[in-house]
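Worksheet: the structure to be examined is printed underneath.
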Protein chains: 2
Amino acid sequence: MGRDAQATRDRLIMAARKAFSARGFERTTVREIASDAGVSPALINRYFGGKEQLFAEAASIDLGFPDLTQVARDQLGVTLVAHFFHRWEGRQHDDLLRVLIRTAATNQEAAARIQNILAGQVGAMVERVAGPARARERACLIATQILGLAYARYVLGISDEDVPQRTVLAMVGGTIQRYLIDELP
Amino acid sequence: MGRDAQATRDRLIMAARKAFSARGFERTTVREIASDAGVSPALINRYFGGKEQLFAEAASIDLGFPDLTQVARDQLGVTLVAHFFHRWEGRQHDDLLRVLIRTAATNQEAAARIQNILAGQVGAMVERVAGPARARERACLIATQILGLAYARYVLGISDEDVPQRTVLAMVGGTIQRYLIDELP
DNA sequence: AGTCTAAGTAAACAATTGTTTACAAGACTG
DNA sequence: CAGTCTTGTAAACAATTGTTTACTTAGACT
């Protein structure tokens with residue numbers, strides 16, 4: 001083999017993730033990604049086929065839900081919100097959801113991808129915790145609150161000064177709790 | 001005067017609103033807006049100064065909260081959610097919030113504008129209903145839920161088939177109710 | 001009517017975009 | 001060491017973007 005194709009491929013994906021997360025799909029240029037990866041823009045086409053496909057590869061996501069079977073039933077909501085906070089603001093802060101939220105705003109494919117995540121990962125989590133009955137509806141309700149929280153904090157830039165994290169944790173936790181196991185009308 | 005400057009100005013704003021709402025700021029071209037208004041792209045620069053300023057003018061918004069003083073105190077949440085549904089899906093369906101949500105995803109100025117609306121209109125409404133204490137926090141919490149709902153339905157395209165509107169009304173209404181007047185931790 | 005000013009256009013401009021092509025440099029194999 | 005893929009680049013390409021300039025046209029006012 002040559003120098004190290006896999007390594008530069010990875011560097012391209014990293015750089016793409018960073019750029020897409022900061023500026024969304026349309027405002028990110030392949031030149032900028034390539035430059036950040038220390039490589040020629042042509043390699044994006046060689047390795048991925050184009051900007052679209054690079055995005056598709058850079059924006060695969062795993063919400064990584066924790067094991068909820070050991071959690072007290074009335075603590076499910078706050079546990080989930082705490083989980084998201086931890087992922088979003090943790091040490092290797094997870095830009096992926098931000099990439100998707102930013103980009104789905106104007107990109108059909110990204111929107112479909114979020115829908116998949118909802119139907120798949122969130123739906124499965126709801127089923128495990130609350131049973132299969134109306135799991136899809138619960139998953140959608142949860143999505144509206146979690147996406148809104150992410151949008152407000154990481155796209156609009158609403159900060160701890162506006163609402164302290166403790167308050168969000170308790171109040172939004174309560175909301176998720178209701179959407180998760182309260183009886184639906 | 002000439003033909004009718006005001007009328008074409010208005011047509012440009014209408015066309016801009018439609019285009020920005022459908023595709024966001026970056027993916028909308030001035031040529032497309034001008035063409036939809038049946039006019040030359042140069043007029044956008046003449047009348048507004050450029051694409052940015054046209055956007056600024058096209059995206060001014062008034063949430064138009066109803067008078068809540070006559071509403072039963074335990075019905076405030078559902079009333080507000082019903083109000084938003086009515087605005088968003090009413091006869092002259094109000095694209096403005098969609099414009100902002102779509103565009104704020106990648107546009108600093110649009111994000112700031114949403115922040116202003118929160119601090120201003122939503123904040124004032126909260127103060128009227130729940131008093132000035134911690135009104136800002138309540139407004140932000142409400143924003144996370146309402147923005148998330150709008151994002152899910154009008155950007156991602158989650159529909160009545162996924163969650164019937166009755167369910168959303170009741171459950172999200174309950175959430176807003178809590179954020180509005182429940183005691184904060 | 002004739003004239004002046006505002007309204008509008010067509011076309012060129014300059015910059016930036018994603019992508020392709022033709023070519024150079026590395027590393028492994030015989 | 002020669003040959004040969006793979007890895008990489010530089011530069012040109014083609015399209016599209018927002019904007020500007022020079023010009024034409026329509027309407028109002030004396």
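Sequence lines set the chain letters: A, B, ... in the order given, protein chains first and strands last, and positions in each chain run from 1. What you are looking at is a predicted structure, and each value in this text was computed from that prediction instead of being measured.
Within the structure, salt bridge (Lys or Arg N to Asp or Glu O under 4.0 Å) pairs that include any residue of residues 40-53 of chain A do not occur (at least two apart or interchain). Counting only residues at least two apart or on different chains, the salt bridge (Lys or Arg N to Asp or Glu O under 4.0 Å) pairs with a member in residues 25-43 of chain B are A:Glu26-B:Arg27, A:Arg27-B:Glu26, B:Lys18-B:Asp36, B:Arg23-B:Glu32. Applying the salt bridge (Lys or Arg N to Asp or Glu O under 4.0 Å) test to pairs two or more places apart or on separate chains, none has a residue in residues 174-185 of chain A. For residues 113-129 of chain B, the set of pairs meeting the side chain to side chain donor-acceptor pair (under 3.5 Å) definition, not counting sequence neighbours, comprises B:Glu109-B:Arg113.
Under 4.0 Å is where a charged nitrogen must lie from a carboxylate oxygen, and between B:Asp160 and B:Arg166 no such pair does.
In this view, B:Ala7 and B:Asp4 satisfy the side chain to side chain contact (heavy atoms under 4.5 Å, CB included) rule, not counting sequence neighbours. Partners of A:Asp162 under the side chain to side chain contact (heavy atoms under 4.5 Å, CB included) rule, at least two apart in sequence or in another chain, are A:Ile158, A:Ser159, B:Arg136, B:Cys140. Residues that satisfy the salt bridge (charged side-chain N to carboxylate O under 4.0 Å, His left out) test with A:Arg11, not counting sequence neighbours, are absent from this structure. Every residue was checked against the ring pair (Phe, Tyr, Trp, His ring centres under 6.0 Å) condition with B:Phe48, not counting sequence neighbours, and none meets it. Here B:Tyr179 pairs with nothing under the ring pair (Phe, Tyr, Trp, His ring centres under 6.0 Å) rule; sequence neighbours left out.
Comparing A:Val39 and B:Ser40 against DNA chain D, the residue whose closest nucleotide sits nearer the 5' end is A:Val39.
Rounded to an integer number of Å, the gap from CZ of A:Arg46 to P of D:dT9 is 10 Å. The distance between atom CG of B:Leu43 and atom P of D:dT25, rounded to the nearest whole Å, is 16 Å.
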Please write out the pairs of protein N or O atoms and N or O atoms of nucleotides 13-19 of chain D separated by less than 3.5 Å, giving the distance to one decimal.
from   : atom 1 : to      : atom 2 : distance (Å)
D:dG18 : OP1    : B:Thr28 : O      : 3.3
D:dG18 : OP1    : B:Lys51 : NZ     : 3.0
D:dG18 : OP2    : B:Val30 : N      : 3.1
D:dG18 : N7     : B:Arg31 : NH1    : 2.8
D:dG18 : O6     : B:Arg31 : NH2    : 3.1
D:dT19 : OP2    : B:Lys51 : N      : 2.9

- [ ] State the dot-bracket string of DNA chain C. Criteria: Watson-Crick or G-U wobble, both atom distances under 3.5 angstrom; notation: ( ) intrastrand, [ ] crossing earlier pairs, | interstrand, . unpaired.
- [x] |||||||||||||.||.|||||||||||||

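A heavy-atom distance below 4.0 Å to DNA chain D is reached by these residues of residues 6-17 of chain A, ordered by number: A:Thr8.
Counting non-hydrogen atoms under 4.0 angstrom, B:Phe48 reaches nothing in the nucleic acid.
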